[in-house]
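Scroll down for the structure; my scribbles are underneath it.
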Amino acid sequence: MEFNPRFVCSPRDAIVNAPVLARAEVTDQVTPKELVLGVVIGEEARAYPINQLTGPSREIINDEMGGVAFAATW
Amino acid sequence: MYARTVNDQILTFCVSGNLWNRSLVMMDIETESFWSHILGLGKRGPMEGAQLEIIPAELTTWGRWAETHPETSVLNLSRTHEDFTHDFYENPEDFVYGWRLGAKTYASTFGAMRQNPSQNLDLDGDVLLLAFDTEGDSPILYSRTLDGVTHTFELEGGSLRDAQTKSVWTLATGVCIDGQLKGASLEHVVGIVSFTKSWFDFHPDTELVQP
């Protein structure tokens, strides 16, 4: 398939060092029925609520856990 | 979920502002290369041809994730949207769970997985368990091989039981909680949730796995 990207909006700043909460600190930032992308690396688990990842400024979160650099994307 | 390390270099990704076949094009700020989001493949610039390693991730509900991963942390940004909830999968045939084995790609629809939430697969010698956690509407793919032995699983009251040792395993995390294999973990195999249409746009030769 030919690579023919179509320009639709200005490039967005990369997201690094995004804030996270421990599960015990969650009140209404995320609710039980909301969809999340969950990842486990080594002993650590982290969830990325899809309702925080939509829209061009939010689709990629550059993160790191347990010495592994990764991107959570939607 | 992609690893950001390519040839010993850690890359930082941003939204390039371009779409390719209606799919996100990412850019890394270190080399300004363009990457296809759905393929994880460098398409233009110094990283053209490079492949990002996929890290297994699960799309499920927060309630279910927090229950099965009590030590989890969670991203804390403001909401940009409200309606990505359990009800997102209103039409289960619009969504597939897809994976790649060597040169072949496979997918199963949410409808098929709901009908049969525990499928023992043998795909040209790759023995896998396609599990579907109905509480979180979440597909998970495991290897059925553990220490060189291939196991066969059956769903029993929400848990898995293997035919060989009758041990009990959690479906959502693939951990053995009772029996001879207690403490063992099934290896996760990478699969991704996608819209059926975009999956087949990018992987037209996909073999559909139906119960």
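Both backbone and side-chain heavy atoms feed into the values below; hydrogens, waters and symmetry mates do not. In this text the structure is predicted, and so the values were computed from the model without any measurement.
Interface remark: of the candidates V30(A), V16(A), D63(A), V30(A) forms the most heavy-atom pairs closer than 4.5 Å to chain B. Between chain B and the options M65(A), R12(A), E64(A), the largest number of non-hydrogen pairs under 4.5 Å is found for R12(A). Interface summary for chain B: among F70(A), Y48(A), W74(A), the most heavy-atom pairs under 4.5 angstrom belong to F70(A). Among N62(A), I60(A), V39(A), the residue with the largest count of heavy-atom pairs under 4.5 Å with chain B is N62(A). Taking V20(A), I50(A), V8(A), L21(A) one by one and counting their heavy-atom pairs under 4.5 Å with chain B, the maximum is reached by L21(A). Contact count against chain B (heavy-atom pairs under 4.5 Å) is highest for G38(A) among G38(A), C9(A), A72(A). Top candidate by heavy-atom pairs under 4.5 Å with chain A, chosen from V25(B), T12(B), I10(B), is T12(B). In terms of heavy-atom pairs under 4.5 angstrom with chain A, the leader among G136(B), G63(B), S23(B) is G63(B). For the set R64(B), E53(B), R44(B), the count of heavy-atom pairs under 4.5 angstrom toward chain A peaks at R44(B). Each of F34(B), F84(B), F13(B) has some count of heavy-atom pairs under 4.5 Å with chain A, and the biggest count is that of F84(B). Note on T5(B), T61(B), L11(B): by heavy-atom pairs under 4.5 Å with chain A, the leading option is T61(B).
Interface residue S78(B): backbone and side-chain heavy atoms are both found under 4.5 Å from chain A. Neither the backbone nor the side chain of D137(B) has a heavy atom closer than 4.5 Å to any heavy atom of chain A. Contacts between L59(B) and chain A at a heavy-atom distance below 4.5 Å involve backbone atoms as well as side-chain atoms. When heavy atoms are compared at a cutoff of 4.5 Å, S10(A) approaches chain B solely by way of its backbone atoms N, CA, C and O. Residue L19(B) touches chain A through both its backbone and its side chain, counting heavy-atom pairs closer than 4.5 Å. Heavy-atom distances place both the backbone and the side chain of T31(A) under 4.5 Å from chain B. Interface residue E34(A): backbone and side-chain heavy atoms are both found under 4.5 Å from chain B. Interface remark: I61(A) contributes side-chain atoms only to the contact with chain B (heavy atom separation under 4.5 Å). Residue contact with chain A, scored on non-hydrogen atoms closer than 4.5 Å, involves the backbone of E82(B) exclusively.
Proximity of a side-chain donor or acceptor of R23(A) to a complementary backbone N or O of E67(B) within less than 3.5 Å is not detected. Checked by atom type and distance alone, the side chain of W20(B) pairs as donor or acceptor with a backbone atom of E2(A) at under 3.5 Å. Proximity of a side-chain donor or acceptor of R6(A) to a complementary backbone N or O of R22(B) within less than 3.5 Å is not detected. Without hydrogens or angle criteria, Q52(A) side chain to L77(B) main chain gives a donor-acceptor distance under 3.5 Å. Looking at T72(B), its side chain never comes within 3.5 Å of a backbone N or O of A22(A) through a donor-acceptor pair.
Counting heavy atoms from C-beta on, the side chains of P49(A) and L75(B) come closer than 4.5 Å. Between K43(B) and P5(A), the closest side-chain pair of non-hydrogen atoms is not below 4.5 Å.
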Q.
Walk me through whether I55(B) and V68(A) qualify under side chain to side chain contact (heavy atoms under 4.5 Å, CB included).
A. CA-CA 10 Å; I55(B) 296 178; V68(A) 177; 4.1 Å; yes

Q) V74(B) and Q29(A): side chain to side chain contact (heavy atoms under 4.5 Å, CB included), yes or no, with the steps? A) CA-CA 9 Å; V74(B) 57; Q29(A) 296 87 349; over 6 Å; no

Q: Begin with the C-alpha distance, continue with both residues' side-chain angles, and end with the deciding distance and a verdict on side chain to side chain contact (heavy atoms under 4.5 Å, CB included) for W62(B) and V26(A).
A: CA-CA 11 Å; W62(B) 167 247; V26(A) 171; 4.0 Å; yes

Q: Begin from the C-alpha positions of H37(B) and E59(A) and carry the test side chain to side chain contact (heavy atoms under 4.5 Å, CB included) through to its verdict.
A: CA-CA 10 Å; H37(B) 172 242; E59(A) 286 163 327; over 6 Å; no

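Under a cut-off of 6.0 angstrom, the local environment of CD in E32(B) is sparse, with at most 12 non-hydrogen atoms contributed by other residues, nucleotides or ligands. Applying the 6.0 Å contact sphere to CD of E71(B) captures no more than 12 heavy atoms from other residues, nucleotides or ligands.
Taking OG1 of T73(A) as the reference point, atom CE of M1(B) lies at 7.0 Å (rounded to 0.5 Å). Atom NE2 of H81(B) sits about 11.5 Å away from atom CG of L53(A), to the nearest 0.5 Å.
Nearest approach of R4(B) to A71(A), heavy atoms of both residues: CG-N, 3.6 Å. Nearest heavy atom pair, residue T80(B) against residue R58(A), reads CG2-NH1, 3.4 Å.
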